[in-house]
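Note sheet for the following structure.
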There are 2 protein chains.
Amino acid sequence: MEKKYNYKLKLSYIGKNFSGWQKQPNRRTVQGVLEEKLSIFFNEEIKVIGSGRTDAGVHALGQVANFKTNSFKNSEKIYRYLNATLPRDVAVLSVQHVPLSFHARFSAKGKTYIYRIYTKPDPFLFGYGWYISKKLNIKSMLSALDLIKKEKDLISLSKKGEYIREDVEIREVYLRYDGSIIEIEITASHFLRYMVRKIVGHIVQIGLGSLSIEEFENIIKAKDPSKGLFIAPPEGLFLKEVYY
Amino acid sequence: MEKKYNYKLKLSYIGKNFSGWQKQPNRRTVQGVLEEKLSIFFNEEIKVIGSGRTDAGVHALGQVANFKTNSFKNSEKIYRYLNATLPRDVAVLSVQHVPLSFHARFSAKGKTYIYRIYTKPDPFLFGYGWYISKKLNIKSMLSALDLIKKEKDLISLSKKGEYIREDVEIREVYLRYDGSIIEIEITASHFLRYMVRKIVGHIVQIGLGSLSIEEFENIIKAKDPSKGLFIAPPEGLFLKEVYY
């Protein structure tokens with residue numbers, strides 16, 4: 001039987017505490033934790049659909065999900081119930097009653113991810129960024145990022161063996177540096193698995209002087225995930241926003 | 001025998017992981033962790049003096065300490081050794097060779113503390129702020145803070161039974177609110193124990209409408225620590241800077 005109501009959730013969670021988004025037996029996952037609480041609240045089995053999986057360790061500032069139900073409940077009540085009962089490392093930022101056609105993954109028009117690197121010891125950023133104490137050449141990193149903007153086929157910077165839906169349209173790429181923290185922000189139509197972590201993994205090698213921009217260009221042109229070897233650790237990655 | 005060299009440290013640490021600053025048997029304290037590593041590095045017993053104790057759970061963004069040694073070591077080497085060997089929840093921001101007369105506590109001319117309240121669920125702030133979901137009247141909180149600026153004897157807002165050195169000179173009080181996070185920043189000649197937490201504890205009661213500004217004024221005028229009942233939790237408090 002088709003369920004009758006559809007809700008959209010906006011979520012924030014600390015990725016390092018979860019084995020990723022997707023439900024798996026005997027693992028603590030964000031989807032698992034949400035479905036457990038929602039099934040109790042609605043007194044029916046609830047399946048939560050995310051805008052995409054975040055890998056183990058990847059954080060979310062604005063993940064979006066939806067779920068369908070047989071009974072109608074006030075959005076504000078769902079919001080309050082979830083925030084009162086969910087563990088402290090996941091929070092619901094908003095709950096919205098939406099048309100049945102809304103699908104967190106298929107309706108998504110784009111996403112923004114942020115990757116954070118910190119270059120000075122900071123206990124408050126441990127687990128929330130990639131600590132690199134060696135000197136980075138920010139200028140070369142910026143030039144390398146320019147390559148990303150122009151190229152649509154970024155399969156070399158994706159996980160080997162993953163299905164690729166289509167060309168990626170990179171809409172915006174920023175690098176901010178305040179002398180201590182580097183933030184790379186990428187907005188695209190969608191993201192291949194490991195894409196941001198591989199982009200950052202490679203531009204960091206360029207910043208360290210271990211990889212040249214020409215070598216990086218050749219890796220991209222090879223269109224072969226096994227050529228893109230450098231993967232930044234998950235704890236620096238934040239899913240910032242999903243657009244509909 | 002008088003030691004010959006004196007070093008100044010600037011430190012950051014996650015307070016909730018420690019039983020405060022001051023060394024105690026069988027407790028994990030910041031002073032204890034630092035003395036352990038420094039005694040190994042210098043191969044002599046090192047005693048670290050903090051600008052002041054931070055209580056259990058209180059964070060530091062810029063705590064200052066000093067220690068004396070018999071042998072001279074390069075500051076940069078001390079910095080690198082400490083950051084390589086200290087646990088990840090404490091970081092050394094700088095090491096400086098200073099005159100023997102420098103004393104982290106007695107030479108301090110002032111300090112800045114920040115207290116953070118967050119009003120929307122945020123897993124990244126859990127343990128790094130006081131979560132208050134009820135509506136707060138920011139305007140009344142600001143008016144209450146004005147009282148603090150004018151008053152030198154804040155003994156009602158200190159811990160009962162603690163020795164009071166002298167009048168406190170409050171230099172600056174700010175409240176910042178971005179619609180989600182409230183930060184109260186106080187700069188003073190020195191701070192009585194529990195002072196910031198009691199100031200915040202009371203202005204929050206005022207913001208909630210459970211205490212009037214007149215009642216608060218009477219509490220201050222009573223000059224009695226047993227009258228100041230409201231203490232904000234330690235996890236919202238950050239020692240930001242110490243001035244010399």
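Here is how names work: the chains are called A, B, and so on, in the same order as the sequence lines, proteins then strands, and each is numbered from 1.
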Exercise. Which residues pass the side chain to side chain contact (heavy atoms under 4.5 Å, CB included) test with B:Asn26, sequence neighbours left out?
Worked result: none
Exercise. In this structure, are over 12 heavy atoms from other groups packed under 6.0 Å from A:Arg27 atom CZ?
Worked result: no
Problem set entry | Options A:Ser133, A:Ser12, A:Pro87, ranked by heavy-atom pairs under 4.5 Å with chain B, top entry | A:Ser12
Could you list the donor-acceptor pairs under 3.5 angstrom formed by side chains in residues 199-209 of chain A, with sequence neighbours left out?
unit_1   : atom_1 : unit_2   : atom_2 : d
A:His202 : ND1    : A:Lys198 : O      : 2.8
A:His202 : ND1    : A:Phe230 : O      : 3.4
A:His202 : NE2    : A:Leu229 : N      : 3.3

Problem set entry | Heavy-atom proximity to chain B below 4.5 Å, by part of A:Ala60 | backbone
Seminar exercise, completed: Ordered numerically, the heavy-atom neighbours of chain A under 4.5 Å found in residues 116-129 of chain B are B:Pro121, B:Asp122, B:Pro123, B:Phe124, B:Phe126, B:Tyr128
Throw together a table of side-chain donor-acceptor distances under 3.5 angstrom for residues 235-244 of chain A, partners on residues two or more places apart or in other chains.
unit_1   : atom_1 : unit_2   : atom_2 : d
A:Tyr243 : OH     : A:Thr112 : OG1    : 2.5
A:Tyr244 : OH     : A:Ala104 : O      : 2.7

Problem set entry | Heavy-atom contact with chain B under 4.5 Å, split by part of A:Leu93 | side chain
Exercise. More than 12 foreign heavy atoms under 6.0 Å from NZ of A:Lys16: is that the case here?
Worked result: yes
Exercise. For B:Arg53, does the CZ atom have more than 12 heavy-atom neighbours from other residues, nucleotides or ligands under 6.0 Å away?
Worked result: no
Problem set entry | A:Arg88 atom CZ: more than 12 heavy-atom contacts under 6.0 Å | no
